[in-house]
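Down below is the structure, laid out as structure tokens.
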Amino acid sequence: MSFTVIIPARLASTRLPNKPLADIAGLPMIVRVARRAAQSGASRIVVATDAQEVAAACAAHGVQALMTRADHPSGSDRLAEAIEQLGLADEAAVVNVQGDEPLIAPAMIDACAATLAAQPDCVMATVAHALTDPSEFANPNVVKLVTDKAGRALYFSRAPIAWWRDGAGQPNQALRHVGLYAYRAGFLRRFPTLAVSPLEQIESLEQLRVLWHGERIAVHLSAERPGPGVDTPEDLERVRLLLQA
């Protein structure tokens with residue numbers, strides 16, 4: 001199985017300005033992410049950015065970077081431009097690793113790509129793990145999902161789903177979504193042409209556009225949680241301490 005990892009990275013961030021360039025134990029965060037991804041089975045690691053500063057930081061550390069437009073509404077749209085620059089064939093597999101995941105597990109990247117390869121009726125694959133903490137279940141910043149019996153996504157939501165009627169809001173077989181995606185390049189080419197879904201607008205979750213248009217998303221159930229991502233200055237300090245330990 002061959003796949004390309006593309007890491008979308010933009011400087012604009014309301015909670016942590018210049019996030020991709022944040023120093024983590026002597027390296028910019030975007031370089032940390034690329035190096036973790038390089039430990040997976042990917043044949044190529046590419047950063048897709050709209051900022052010359054990010055491209056320069058990547059070049060200084062031997063990471064390939066592509067300049068993409070600044071007006072992309074989502075990471076998937078940025079990836080769609082990147083695959084055109086790379087000239088990837090429609091059947092090629094692409095894994096989208098978020099640029100704020102410096103502790104992403106390489107094995108999780110491999111598992112996401114393998115899940116897509118194993119389900120030819122799906123245009124995408126993603127990852128989830130068991131959610132047992134009631135506070136996370138109720139937290140709208142924690143995205144939940146439910147699947148069918150074949151392991152394909154039925155719905156993603158910021159609301160607590162599936163709601164255990166007799167459990168007083170306690171999570172029961174609930175799944176937490178991990179923002180890691182594998183795509184078939186041909187579908188990525190189509191994605192920007194798909195009409196935005198009303199559900200996507202309500203939940204602010206772009207993967208709902210895929211389901212709304214009748215496409216299928218395979219889900220890998222991970223036995224482990226991913227390492228902490230970086231959204232806030234507090235997250236950044238937490239990751240710095242973990243890498244310095």
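For this chain, numbers begin at 1 and follow the sequence in order. What you are looking at is a predicted structure, and each value in this text was computed from that prediction instead of being measured.
One N or O on the side chain of R78 and one on the backbone of R69 form a donor-acceptor pair closer than 3.5 Å. Between the N18 side chain and the L21 main chain, no donor and acceptor come within less than 3.5 Å of each other. The backbone N or O of Y181 sits nowhere less than 3.5 Å from a side-chain atom of T126 that would complete a donor-acceptor pair. A donor-acceptor pair under 3.5 Å is absent between the side-chain atoms of N139 and the main chain of S135, judged by distance alone. Looking only at distances, a side-chain donor or acceptor of S43 sits under 3.5 Å from a matching main-chain atom of F3. Using a distance-only test at 3.5 Å, with no hydrogens or angles considered, no donor-acceptor pair links the side chain of R216 to the main chain of C122.
Summarising the local packing, CD of E237 is surrounded by more than 12 heavy atoms from other residues, nucleotides or ligands at distances under 6.0 Å. Open room surrounds CZ on R10; 12 or fewer heavy atoms of other groups in view lie less than 6.0 Å from it.
Clustering ILVMFWY residues whenever any of their side-chain heavy atoms sit less than 4.5 angstrom apart, transitively, puts I109 in a cluster other than the one holding I6. Put simply, W212 and V123 are part of the same group of oily side chains (I, L, V, M, F, W, Y) that touch within less than 4.5 Å, one to the next. Note: the hydrophobic cluster containing L66 does not contain V31 (ILVMFWY, side chain heavy atoms under 4.5 Å, direct or indirect links). Cluster membership check: V143 shares its hydrophobic cluster with V210, using side-chain heavy-atom separations under 4.5 Å among Ile, Leu, Val, Met, Phe, Trp and Tyr. Connection of I7 to M124 is not established within any shared hydrophobic cluster, with ILVMFWY side chains joined at heavy-atom distances below 4.5 Å, either directly or through further cluster members.
Listed by chain and residue number, nothing satisfies the side-chain hydrogen bond (donor to acceptor under 3.5 Å, both in side chains) test with R184 (two or more places apart in sequence, or in another chain).
Note: L194 CG to E206 CD = 11.5 Å, rounded to the nearest 0.5 Å. Atoms CG and OG, on L199 and S204 in that order, are 12.5 Å from each other to the nearest 0.5 Å. Between atom CD of residue E84 and atom CG of residue L79 there is a gap of 11.5 Å, rounded to the nearest 0.5 Å. Once rounded to the nearest 0.5 Å, the distance linking CG of L145 with NE2 of H177 reads 6.0 Å. Distance check, rounded to the nearest 0.5 Å: CG of L88 to CG of L188 gives 9.0 Å. Note that OG of S222 is 10.0 Å distant from CG of L180, once rounded to the nearest 0.5 Å.
Each of R152, Q207, Q119 was scored for a side-chain contact (heavy atoms from CB on, under 4.5 Å) with I217, with one residue passing: Q207. Among E200, E215, E203, the single residue meeting the salt bridge (Lys or Arg N to Asp or Glu O under 4.0 Å) criterion with R209 is E200. When T232, D231, V230 are each tested for a side-chain contact (heavy atoms from CB on, under 4.5 Å) with E234, only one passes: T232.
Checked by atom type, the side-chain pair Y183/S76 shows a donor-acceptor distance below 3.5 Å. If you check the side chains of R44 and T4, you find no donor sitting under 3.5 Å from an acceptor. A donor-acceptor contact closer than 3.5 angstrom links the side chains of H72 and E81. Side-chain contact, H213 with S197: no donor N or O sits under 3.5 Å from an acceptor N or O.
The two residues A82 and A48 make their nearest non-hydrogen contact at CB-CB, 4.1 Å. The shortest heavy-atom contact between A174 and P171 is CB-CB, 3.9 Å. The minimum heavy-atom distance between V239 and G229, with the atom names listed, is CG2-O, 4.4 Å. The shortest heavy-atom contact between A89 and R189 is C-NH1, 3.9 Å. A65 and A55 get closest at one heavy-atom pair: CB-CA, 4.0 Å. Across E224 and H129, no two heavy atoms sit closer than the pair O-CB, 3.8 Å.
Taking the side chain as every heavy atom from C-beta outward, R32 and L243 approach each other to under 4.5 Å. Side-chain contact check for M29 versus P102: some heavy-atom pair is nearer than 4.5 Å. Contact annotation: the side chain of P226 never approaches that of L103 to less than 4.5 Å [non-hydrogen atoms, C-beta and beyond]. V219 is not listed as a side-chain neighbour of V127, based on a closest heavy-atom distance of 4.5 Å or more. Residues D235 and P228 fail the side-chain proximity criterion, which asks for heavy atoms closer than 4.5 Å. Counting heavy atoms from C-beta outward, H220 and V178 have side chains that stay 4.5 Å or more apart.
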Report the C-alpha distance between F156 and I161 in whole Å, list the side-chain angles of each, state the deciding distance to 0.1 Å, and finish with yes or no for side chain to side chain contact (heavy atoms under 4.5 Å, CB included). CA-CA 8 Å; F156 299 81; I161 58 171; over 6 Å; no
Passes side chain to side chain contact (heavy atoms under 4.5 Å, CB included), Q64 versus L86? Steps please. CA-CA 11 Å; Q64 183 183 2; L86 293 170; 4.0 Å; yes
Evaluation steps, side chain to side chain contact (heavy atoms under 4.5 Å, CB included), between Y155 and K144: CA-CA 8 Å; Y155 193 67; K144 280 71 67 174; over 6 Å; no
Go through it in stages, so that I can follow the logic: the residues are F187 and D90, the test is side chain to side chain contact (heavy atoms under 4.5 Å, CB included), and I'd like the CA-CA distance, side-chain angles, deciding distance and then a yes or no. CA-CA 8 Å; F187 175 71; D90 281 350; over 6 Å; no
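When hydrophobic side chains of Ile, Leu, Val, Met, Phe, Trp and Tyr are connected at separations under 4.5 Å, F137 ends up clustered with L131, V142, W163.
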What side-chain donor-acceptor pairs closer than 3.5 Å can you find for residues 91-101, not counting sequence neighbours?
from: Q98; atom 1: NE2; to: G179; atom 2: O; distance (Å): 3.2
from: D100; atom 1: OD2; to: K19; atom 2: NZ; distance (Å): 3.0

